[in-house]
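Worksheet for the structure shown next.
Everything numeric in this text was worked out from a predicted model, so none of it was measured. Convention: sequence-line order gives letters A, B, ...; per-chain numbering from 1.
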Amino acid sequence: MDRFSWSNGLLEINETLVIQQRGVRLYDGDDKAKLDVGVVLLSTHRLIWRDIKNHECCISMPLSQIIFFEEQAAGIGKSAKIVIHLHPPLVNKEPGPYQHSKYSYIKLSFKEHGQIEFYRRLTEEMTQKRWENTPVSQPISTGTGSQGGRTRAVGIVGIERKIEEKRKETDKNISEAFEDLSKLMVKAKEMVEVSRSIANKIKDKQGDITEDETIRFKSYLLSMGIANPVTRETHGSGTHYHMQLAKQLGDMLQAPLEERGGMMALTEVYCLVNRARGMELLSPEDLVNACKMFESLKLPLRECRVSEKGSLTAEEFAKLLGLSVLLSKERLLLAEKMGHLCRDDSVEGLRFYPNLF
Amino acid sequence: MHRRGVGAGAIAKKKLAEAKYKERGTVLAEDQIVQMSKQLETFKSHLEEFASKHKQEIRKNSQFRVQFQEMCATIGVDPLASGKGFWSEMLGVGDFYYELGVQIIEVCLALKHRNGGLITLDELHQRVLKGRGKYAQDVSQDDLVRAIKKLKVMGNGFGMIPVGGSYLVQSVPAELNMDHTVVLQLAEKKGYVTVSEIKDSLKWEKERASHVLDHLLKEGLAWLDSQAAGEPQYWLPALFSELTSRDITPEEANQMTP
């Protein structure tokens, strides 16, 4: 048994597993080895044995150690065995379970049978001697004997196990998240149905609701992200939230607007406001809906849709703002002076374009 | 909107309606609104529970975001409608997309002088990722598309044109009809197109092709290379920008032939 070395049980490149058999006990000569029952594995290069319960207890021996082998028939209360006679141990042999043995042979005791097939395969491998054709790398010196081999096995197996566990946990988390999401959506759908039912009733005038109740209903819709199905009012979604927002914008945009000659694109406002907030940002729709409230709140701001052509005349601008043509032209000229607009003076009239340069 | 339910006559009328409906066993709208407020509180607590367990998933996992958005769309809910919505407040989806919107606008603005307000989704994606820095959350093209859809509501010409299996993102209010779109799609492979190519591939007459190309020139989306061997080539900066290594400054852009 002193020909064995501690091993991590991993096959080298070019080494192939030929056969394995569980329920095998090792014998040092005629004595039972101080190991439990385990699994014996035959590869193209080695004879490997591993404890069934403790996978880290694993030993191996190169097949080149084997001189010859023979079968030993089973008897009463005795399992069939294969007796393997061995060359003396190599000088640089890695440490194993036995420092020294008085025997030059070992036995494999097949407690769960399988000896016939094992014997056949062992014969084949010993005949072919495949290990001579494809040498494998020398086992790395693993330091202090038995400890070294075991640590290496733990290291690699441990890492692999951790990766597998993490993958399983991630999968579990995601599938749990999807499951919870589905359940949540069922509840959300109920809310949508309730809101539709209410909207229908309002349309059919089943019981009058006050303006307060209307506003409250709208805020519920806003919370859930349900589109307002009732009316297309000029105040948009018209909740208290948007009124507040409109007032905030009125304060916040005074200075920036002055700097820019009185006009800013909505996207510019969006960026400005959200950059300033940092969090709890406004949605584009929040901004649009707040702007719609400027007029009713009598704020000195107006949202205007620049025409499809992307340009304006003084008359068009005046109409949008509800200003006199003179005042609106003044505004446009000021914006041009500031570099925010450029003009296009043609037969069709004087048009102002946003300055893209 | 005048205040309803005011005045003795109106009150009496309302009481009569209430009585009628309660007789028939139907619930009035106003009662249902009160009910809804309670149901909303319940839903809010469910959402809170969900958020406490899975908020991270939404932030980190773009696939999960896609699923979430699609489920919402199916039941008729828009989680991005308002920053004041539950979804936004508790799951933080809102901030994620609204901030992305800001970044998209800024990238488009920075490059407008060069590509006229047209950019491929790929390039937009790359530049947004670069701007976010390497420690920021990952952003997928699906995320960009959803953010852009939201930006549309502010006008300013935001839109998406399907081209070559992906999209061109438009950020200026240039009028682009089907003819323009088709020519853009044709130009996608090489980054430029000629009148002959349009005539051959699309079977248009010269006038129609010229008209479309002139419009693209006027809008600043195409640049003319009249020195090209053979016939003049119309280049679309939005399409070839990935091939050029150097960014052009606004001053240089002024000197070229837009």
Taking the six-membered ring for Trp, are B:Phe64 and B:His54 parallel (under 30°), tilted (30 to 60°) or perpendicular (over 60°)?
tilted

Report yes if some heavy atom in the side chain of B:Lys55 is under 4.5 Å from a heavy atom in the side chain of B:Met90; otherwise report no.
no

With a 4.5 Å cut-off on side-chain heavy atoms, are B:Ile161 and B:Leu118 touching?
yes

Heavy-atom contact with chain A under 4.5 Å, split by part of [X]:
X        : result
B:Gln39  : both
B:Leu40  : both
B:Phe86  : both
B:Phe158 : side chain
B:Ile58  : neither
B:Lys150 : both
B:Ser88  : neither

Tell me, side chain or backbone of [X] under 4.5 Å from chain B's heavy atoms, or both, or neither?
X        : result
A:Glu176 : both
A:Asn274 : side chain
A:Leu287 : side chain
A:Tyr220 : both
A:Arg277 : neither

Look at the side chain of A:Tyr270 and the backbone N and O of B:Tyr98, then say whether any donor-acceptor pair between them is shorter than 3.5 Å.
yes

Would you find a donor on one side and an acceptor on the other, under 3.5 Å apart, between the side chain of B:Gln137 and the backbone of B:Arg59?
yes

If you tally heavy-atom pairs under 4.5 Å against chain A, which of [options] wins?
options                             : value
B:Ala81, B:Gly85, B:Gly157, B:Gly83 : B:Ala81
B:Gln35, B:Glu57, B:Glu99, B:Met71  : B:Met71
B:Asp78, B:Ile105, B:Asp95          : B:Asp95

[X] [atom1] to [Y] [atom2] distance, which is reported to the nearest 0.5 Å:
X        : Y        : atom1 : atom2 : value
A:Thr267 : B:Ile104 : OG1   : CD1   : 12.5 Å
A:His242 : A:Leu245 : NE2   : CG    : 6.5 Å
B:Leu100 : B:Arg146 : CG    : CZ    : 12.0 Å

Given the options A:Ser182, A:Ala188, A:Cys271, A:Ala177, which has more heavy-atom pairs under 4.5 Å with chain B than any of the others?
A:Ala177

Name the option with the most non-hydrogen atom pairs under 4.5 Å to chain B; the candidates are A:Glu280, A:Met224, A:Arg216.
A:Met224

Counting neighbours of CE on A:Met252 that are heavy atoms of other residues, nucleotides or ligands and sit closer than 6.0 Å, is the number greater than 12?
yes

Would you kindly say whether B:Asn177 and B:His180 are connected by a side-chain donor-acceptor distance under 3.5 Å?
yes

Please report whether the ring centroid of B:Phe96 lies less than 6.0 Å from that of B:Trp87.
no

